[in-house]
Number of protein chains: 2
Amino acid sequence: MFLEIRHLRSLLAIRETGNLARAAERLHVTQSALSHQIKSLEQYFEAPLFLRNSKPLRLTPAGEKLIGLARQVLPLVEGAENDLRRVARGELGRLHIAIECHACFEWLAPVLNRYRQQWPQIEVDIRVGVSFEALPALQKGEVDLVISSDPLKSTDLQFAELFDYEALLVMPADHPLTRKKRIQPADLAGETLITYPVNRQRLDVFSRFLQPAGVEPAAVRQSELTSVILLLVASGRGVAVLPDWVLREAEQAGTLATRPLGPRGMKGMLYAAVRRAEFDTAYLQDFIELARRR
Amino acid sequence: MFLEIRHLRSLLAIRETGNLARAAERLHVTQSALSHQIKSLEQYFEAPLFLRNSKPLRLTPAGEKLIGLARQVLPLVEGAENDLRRVARGELGRLHIAIECHACFEWLAPVLNRYRQQWPQIEVDIRVGVSFEALPALQKGEVDLVISSDPLKSTDLQFAELFDYEALLVMPADHPLTRKKRIQPADLAGETLITYPVNRQRLDVFSRFLQPAGVEPAAVRQSELTSVILLLVASGRGVAVLPDWVLREAEQAGTLATRPLGPRGMKGMLYAAVRRAEFDTAYLQDFIELARRR
DNA sequence: TAAACATCATGAGGTAAATTCATAATGTTT
DNA sequence: AAACATTATGAATTTACCTCATGATGTTTA
């Protein structure tokens with residue numbers, strides 16, 4: 001291929017002004033440059049593109065063919081360039097969020113609703129990270145932001161703190177364990193534990209609380225939805241471990257009680273991870289800001 | 001605008017090979033050239049286009065935007081280039097024919113039917129030259145070939161002889177003038193002359209026969225269609241002057257008689273005029289060949 | 001019909017841009 | 001850590017494009 005967008009622009013200008021000199025003026029080049037350019041096109045295609053002895057300049061069928069191409073292509077190119085400029089200015093973009101923690105959906109959904117109003121041009125999507133590794137996906141460009149609770153050092157990823165949280169045991173308000181101020185691993189040995197349906201390694205209650213103490217609950221039951229887990233707990237089918245932000249409102253209803261896990265509580269920090277190169281874009285920073293305030 | 005088709009091709013190759021070096025190989029440039037090229041694009045748009053630390057190379061949303069553009073634009077460009085090459089080779093083209101002489105339609109129609117079978121890729125059209133000047137239209141590129149009976153010297157037009165013809169007086173087989181071997185202008189003074197509905201200057205019978213002798217026919221009647229003129233003549237409503245090729249078959253039916261005009265007959269030559277730059281193209285030459293043989 | 005004008009074409013020369021070459025830098029795998 | 005794979009960089013070179021000056025051609029005008 002030989003044809004360049006520059007050629008299409010020149011041809012269109014010639015066609016529309018009907019005059020080499022005026023077309024040249026419009027393109028901010030000399031008439032000579034245009035003449036040379038057309039000549040090289042005609043030599044390459046071995047076909048004349050316009051009729052010299054007519055006023056205004058007329059195109060040959062071959063020239064008209066290229067004009068047709070120009071009319072198709074130039075608007076596309078211009079549109080894409082404008083989009084890209086907006087991408088650069090952070091006005092246009094994609095925010096595909098991967099969440100590693102199931103419960104994050106509870107605070108993320110309302111945050112995203114507010115975010116969408118501020119940034120209607122940003123294509124927002126959430127992927128709950130069950131079947132894939134979120135951080136590698138971020139590096140590969142499959143997603144644009146990961147909500148994670150364990151930051152790692154990386155040259156190409158940047159982690160921003162969002163807020164700290166505490167995982168609490170939640171149980172019916174009249175549960176015997178409410179008599180204790182803090183829960184020990186052994187306390188759960190006789191309980192039915194309700195969890196999200198993910199691998200045990202990814203559940204802090206196992207990896208950070210029960211497994212180190214070598215305790216296994218009496219039974220484990222799984223549910224996908226946070227609201228269903230809370231219902232099951234309220235109706236006495238078991239206990240669960242959930243982050244405090246989920247429980248704040250649920251506790252106020254009075255039917256559920258919460259207690260910290262272990263002597264110092266099972267605390268953690270949530271982070272937003274993004275690719276370092278994109279960290280400074282306005283629409284990402286704004287999401288992080290909104291997420292912090294929840 | 002800055003983006004060129006070359007850039008789109010590079011991006012697509014990078015995207016499809018997932019590797020700068022392989023993309024460079026495919027594009028027949030060095031890996032360094034591609035790296036520089038991408039860098040300049042990224043500087044221009046002030047946005048990264050692909051993620052360096054991923055294998056295979058992945059594009060950023062901005063890069064994907066450009067890939068989308070490339071996928072739209074490159075096939076269009078390639079298609080147009082191929083079409084143009086075919087135009088240059090004369091496989092593809094346009095043959096809009098203007099005819100100055102009304103009667104030419106009679107032989108042109110069957111010629112074009114044959115022509116269309118040989119050149120299905122050529123867009124064929126006929127314009128009967130009543131409301132416009134055919135040769136200027138040819139120069140302006142509005143039409144591609146003109147059938148004309150008077151060639152003129154021109155730097156940008158080329159005339160090719162088609163065949164000679166003779167204009168004959170046609171009348172009913174039992175008309176009194178059939179007693180004469182040749183017709184003189186004065187012979188028509190008492191006749192109703194049937195002509196095509198065009199300006200008298202463009203009718204040879206006036207410009208070359210009656211007007212030089214200062215003769216005016218008893219009446220003039222006009223009809224658009226050759227077949228209607230012949231019917232009118234056959235039913236005794238008048239006489240007409242038509243080229244021999246029209247009359248060859250009509251005469252054989254026996255109801256019409258023809259006679260030459262003037263002492264040496266009113267003879268002429270038909271030409272095909274085309275733009276000099278296009279004269280040598282195969283599809284035009286082939287039309288001329290077919291027209292000569294009729 | 002020549003002169004003035006308008007317009008496109010051409011060739012030489014300069015400039016900027018794109019490419020190559022050689023090698024550094026970086027990240028990945030063993 | 002060493003070997004490897006891959007991209008980035010800087011300098012040199014080549015190429016492509018543009019401008020300038022002017023020629024050529026066709027068209028109006030006096």
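Order of the sequence lines sets the chain letters (A, B, ...), proteins ahead of strands, with each chain counted from 1.
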Identify whether any heavy atom of Arg22(A) sits under 4.0 Å from a base atom; if not, whether one sits that close to sugar-phosphate; answer base, sugar-phosphate or nothing.
nothing
Interatomic distance where CG belongs to Leu49(A) and P belongs to dC8(C) [whole Å]
15 Å
Please collect all salt bridge (charged side-chain N to carboxylate O under 4.0 Å, His left out) contacts where either partner lies in residues 29-51 of chain B, sequence neighbours excluded, each pair once.
Glu42(B)-Arg52(B)
Would you kindly give the NZ-to-P distance between Lys39(A) and dA12(C), to the nearest whole Å?
11 Å
Mind calculating the distance between CG (Asn19(B)) and C1' (dT28(C)) to the nearest angstrom?
14 Å
Which residues share a ring-ring contact (aromatic ring centres under 6.0 Å, His included) with Phe159(A), sequence neighbours left out:
none
Does any residue of residues 28-37 of chain A have a heavy atom under 4.0 Å from DNA chain C, and if so, which ones, in number order?
Gln31(A), Ser32(A), Ser35(A), His36(A)
Side chains of Tyr44(A) and Arg85(B), donor plus acceptor under 3.5 Å
yes
Separation of Leu3(A) atom CG from dA16(D) atom C1', in whole Å?
16 Å
Would you give me the side-chain donor-acceptor pairs under 3.5 Å for residues 23-35 of chain A, sequence neighbours excluded?
residue	atom	partner	partner atom	Å
Arg26(A)	NH1	Glu16(A)	OE1	3.3
Arg26(A)	NH2	Glu16(A)	OE1	3.0
Thr30(A)	OG1	Ala33(A)	N	3.1

Nearest-angstrom distance from the residue atom CD of Glu4(B) to P of dA16(D)
15 Å
In whole angstrom, give the distance that lies between atom CG of Leu51(A) and atom P of dG26(D).
14 Å
In whole angstrom, what separates Tyr44(B)'s OH from dA18(C)'s P?
13 Å
For Ala80(B), give me all partners under side chain to side chain contact (heavy atoms under 4.5 Å, CB included), at least two apart in sequence or on another chain.
Leu69(A)
Report the distance from atom CG of Leu27(A) to atom C1' of dT19(D), rounded to the nearest whole Å.
15 Å
Restricting to side chain to side chain contact (heavy atoms under 4.5 Å, CB included), what partner residues turn up for Phe105(B), sequence neighbours left out?
Ile99(B), Ala109(B), Ile126(B)
